[in-house]
Student: 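Supplied in C-alpha cells, the structure appears directly below.
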Amino acid sequence: MYNHSPMTQRESEGAIKANTSLEDDINDFNKDMHDLYNIGFSKETLSASQLKDIVKAKGRFVLQSLSTNPYYNLALENYMFTNTPKTKKGFDSCRLLFYINNKCAVIGKNQNLWQEVDLAQLKSKNFELLRRFSGGGTVLHDLGNVNYSFLTSRDKFDTKFFNKKVIGWLNSSDPELKLELNDRGDIVQNGFKVSGSAYKIAGGKAYHHATMLLNANLEQFSGLLEPSFPSNMEWESSGVQSVKSKIKNVGTISPGQFIGLVSERFQKSFKVDKNIPIYACDESTTINDEIKDAMKSLQSDNWKYFSGPKFSIKLKDKNLKIQVVKGMVYECNRKKLIGLEFNDFLENIDSYT
Ligand SMILES: Nc1ncnc2c1ncn2[C@@H]1O[C@H](COP(=O)(O)OP(=O)(O)OP(=O)(O)O)[C@@H](O)[C@H]1O
C-alpha cells in the first residue's frame with residue numbers, strides 16, 4: 001500500500017511499518033503536512049453527494065484521491081472534467097487533482113497499443129493496461145509516481161502554464177532539484193525526463209495532466225514499452241506514436257512531500273478572496289453511477305483493444321498485407337484472415353506461410 005507520509009524523521013528511523021493501515025498513513029500524513037506546511041488533507045473522505053456539490057459548484061479546490069485503483073482515478077478525473085461548470089472568467093473554477101496508481105501502463109486515446117506496449121510482459125509483471133480519455137503518449141505508473149491534473153477553462157489553457165508553476169514551486173523549495181521544462185512541455189532533470197504531460201480540451205474546459213516520477217521502481221519498467229515483432233514486419237499507423245525518452249526519478253522528494261508542497265503553493269498562488277479548500281476522496285465513499293460507468297468503459301476490451309487508430313502491417317517476404325480497423329483484420333490479401341482479432345493474428349504470426 002502507498003505510504004502517504006512525506007519523508008520524516010520517523011520514516012528515516014524506519015519506524016513506519018510496511019503494512020501500516022490507511023488510517024495510520026493518513027494521520028501521519030496530516031501531521032507531517034501540518035508540521036511542514038501548516039495544511040492537511042482531511043482524513044474524512046467526501047461522500048458522493050459532497051463530491052457532486054463541490055464539482056458542480058463554481059470555485060477552486062484541491063482534491064486528493066486516496067485510492068490507488070487506476071480505473072477509479074481516471075474515471076474520477078473524467079467526472080470532474082465533465083461536471084465542472086463552464087466559466088467565462090478564466091481561472092474561476094480551476095481545480096487540482098492528485099492521484100497515485102497501482103502498477104499500470106497508460107496509453108493515449110489515439111494510440112496503437114500493439115506498437116506501444118509489450119502485453120505479455122505487462123501481464124507477467126502484473127501491470128494493468130489502460131487507455132485514457134486524453135491524447136499523448138504511453139507512460140508507466142506505480143506507487144512512486146504521482147499524477148497531477150490541473151483543470152481550467154479553455155480560454156486560460158496553455159500547455160506549459162501549469163508545469164512552469166510546478167517547476168518554480170519545486171525549485172524554490174530546493175534549488176538542488178534543478179528541474180527544467182523542455183520544448184515538448186515535459187519536466188526534465190539533468191536531461192532525463194521526470195514528468196510527461198497530456199491534455200484534453202472539450203466543452204469550453206481543458207485539463208493538463210502529468211506524471212511525476214519521484215521514487216518509482218524503474219527497473220520494473222524496463223522493457224514494458226518495447227514490444228518485439230518479427231523482423232520482416234512493417235507498420236503503417238495513423239495513430240500517435242510515443243516519443244521515447246530516458247527517464248529518472250526526482251529521488252529526493254517523496255509522494256507525500258510533493259503533494260503537500262504543490263497543494264500549498266497552489267492554494268497561495270490561486271487564492272483570490274477565500275482559502276482554497278483541500279479535500280480527500282476514495283473509491284469506497286466517493287463514487288457515483290457516472291464514475292462507475294466510466295470505470296466500466298475503461299475496463300472494457302472494447303475501449304482498450306477495439307478502439308484506437310486504424311493501421312496496416314506487411315510481412316514483406318510472405319506477401320501478406322493486412323489492414324486493421326478497431327483491433328480486427330478488416331482487409332487482407334488472404335481472405336480467410338478477414339475478421340480475425342489482431343491479437344490472435346499476432347499470437348499465430350509464425351503460422352502464416
Ligand atoms: N511515468 C512516466 N513519467 C514520465 N515519462 C515516462 C513515464 N513512463 C514512461 N515515460 C517515458 O515517456 C515516454 C512517452 O512520452 P510521450 O511524450 O510520448 O508521452 P507523454 O505525452 O509524455 O505521456 P503522457 O501523455 O501520459 O503524459 C515513454 O516512452 C517513456 O520514455
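Ligands are counted one by one from 1 in listed order, and the atoms in each one are counted from 1 as well. These values consider heavy atoms only, across backbone and side chains, with no hydrogens, waters or symmetry-generated copies.
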Student: Just need the protein heavy atom nearest to atom 2 (C) of ligand 1, so name the residue and atom and give the distance.
Tutor: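 That would be Thr211 OG1, 3.6 Å.
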Student: First locate atom CZ of Phe221, then atom NZ of Lys103, and finally report the distance between them rounded to the nearest 0.5 Å.
Tutor: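 Taking CZ in Phe221 and NZ in Lys103, the distance rounds to 9.5 Å.
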Student: Starting from atom 28 (C) of ligand 1, what is the nearest protein heavy atom, named by residue and atom, and what distance separates them?
Tutor: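 Sorting protein heavy atoms by distance from atom 28 (C) of ligand 1 puts Thr138 O, 3.4 Å first.
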Student: Tell me which protein heavy atom sits closest to atom 18 (O) of ligand 1, plus the residue, atom name and distance to 0.1 Å.
Tutor: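 Scanning the protein heavy atoms, the shortest distance from atom 18 (O) of ligand 1 goes to Val243 N, 2.8 Å.
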Student: Starting from atom 26 (O) of ligand 1, locate the nearest protein heavy atom and write down its residue, its atom name and how far away it is, to 0.1 Å.
Tutor: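 Going by distance alone, atom 26 (O) of ligand 1 is nearest to Arg132 NH1, 2.9 Å.
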Student: Flag the pair Lys160 and Asp158 as a salt bridge only when some basic side-chain nitrogen lies within less than 4.0 angstrom of an acidic carboxylate oxygen.
Tutor: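 Result for this pair is no, no salt bridge flagged.
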Student: Could you tell me which residues satisfy side chain to side chain donor-acceptor pair (under 3.5 Å) with Asp142, sequence neighbours excluded, listed by chain and number?
Tutor: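 Partners of Asp142 under the side chain to side chain donor-acceptor pair (under 3.5 Å) test: none.
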Student: Which atoms of ligand 1 have any heavy atom of Gly137 under 4.0 Å away?
Tutor: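 Matching atoms, with element in brackets: 16 (P), 18 (O), 19 (O), 20 (P), 21 (O), 23 (O), 24 (P), 25 (O), 26 (O).
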Student: Near Leu213, which atoms of ligand 1 are under 4.0 Å from a heavy atom of that residue?
Tutor: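 Every atom of ligand 1 under 4.0 Å from some heavy atom of Leu213: 1 (N), 2 (C), 3 (N), 4 (C).
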Student: Could you pull out, from Gly196, Ala105, Ser197, the option with a heavy atom nearest to atom 21 (O) of ligand 1?
Tutor: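 Nearest heavy atom to atom 21 (O) of ligand 1 lies in Ser197.
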Student: Going by atom types alone, do Asn343 and Trp114 pair a side-chain donor with an acceptor below 3.5 Å?
Tutor: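 There is such a pair (donor and acceptor under 3.5 Å, judged by atom type) between the side chains of Asn343 and Trp114.
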Student: Can you find a side-chain donor-acceptor pair between Glu290 and Asn83 that sits under 3.5 Å?
Tutor: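 Asn83 and Glu290 do have a side-chain donor-acceptor pair below 3.5 Å.
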Student: Look at atom 1 (N) of ligand 1 and say which protein heavy atom is nearest, naming residue and atom and giving the distance to 0.1 Å.
Tutor: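 Atom 1 (N) of ligand 1 sits closest to the protein heavy atom Leu140 O, 2.8 Å.
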Student: Can you tell me how the ring of Phe311 sits relative to the ring of Phe342, calling it parallel under 30°, perpendicular over 60° and tilted otherwise?
Tutor: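 Ring orientation, 0 to 90° scale: perpendicular.
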Student: Taking only non-hydrogen atoms of Ser245, do any sit less than 4.0 angstrom from ligand 1?
Tutor: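 Yes, that is the case, since the closest heavy atom of the residue is under 4.0 Å from the ligand.
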Student: First locate atom NZ of Lys156, then atom OG of Ser93, and finally report the distance between them rounded to the nearest 0.5 Å.
Tutor: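 The NZ atom of Lys156 sits 14.0 Å away from the OG atom of Ser93.
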Student: With no hydrogens and no angle check, just 3.5 Å: does a side-chain donor-acceptor pair link Tyr148 and Asn163?
Tutor: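 A pair is found: one side chain offers a donor N or O, the other an acceptor, under 3.5 Å apart.
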Student: Could you find the nearest protein heavy atom to atom 12 (O) of ligand 1 and give me its residue, atom name and distance?
Tutor: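 Looking only at protein heavy atoms, the one closest to atom 12 (O) of ligand 1 is Lys193 NZ, 2.8 Å.
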Student: Return the residue, atom name and 0.1 Å-rounded distance of the protein heavy atom closest to atom 11 (C) of ligand 1.
Tutor: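 Sorting protein heavy atoms by distance from atom 11 (C) of ligand 1 puts Ile247 CG2, 3.6 Å first.
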Student: Mind checking whether Phe270 and Phe150 have parallel, tilted or perpendicular rings, split at 30° and 60°?
Tutor: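 Because their plane-to-plane angle lies in the 30° to 60° range, the rings of Phe270 and Phe150 count as tilted.
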Student: Nearest 0.5 Å, please: how far is CD1 in Ile276 from OG in Ser269?
Tutor: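 Rounded to the nearest 0.5 Å, the OG-CD1 separation comes out at 8.0 Å.
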Student: Within ligand 1, which atoms have a heavy atom of Ala198 less than 4.0 Å away?
Tutor: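 So the atoms of ligand 1 that pass are 24 (P), 25 (O), 27 (O).
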Student: What atoms of ligand 1 come closer than 4.0 angstrom to any heavy atom of Asp186?
Tutor: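 Ligand 1 atoms under the 4.0 Å threshold to Asp186: 22 (O).
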Student: Measuring from the heavy atoms of His141, does anything fall under 4.0 Å of ligand 1?
Tutor: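 Contact absent.
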Student: Quick one: nearest non-hydrogen protein atom to atom 17 (O) of ligand 1, plus distance?
Tutor: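 The answer is Arg184 NH1, 2.7 Å.
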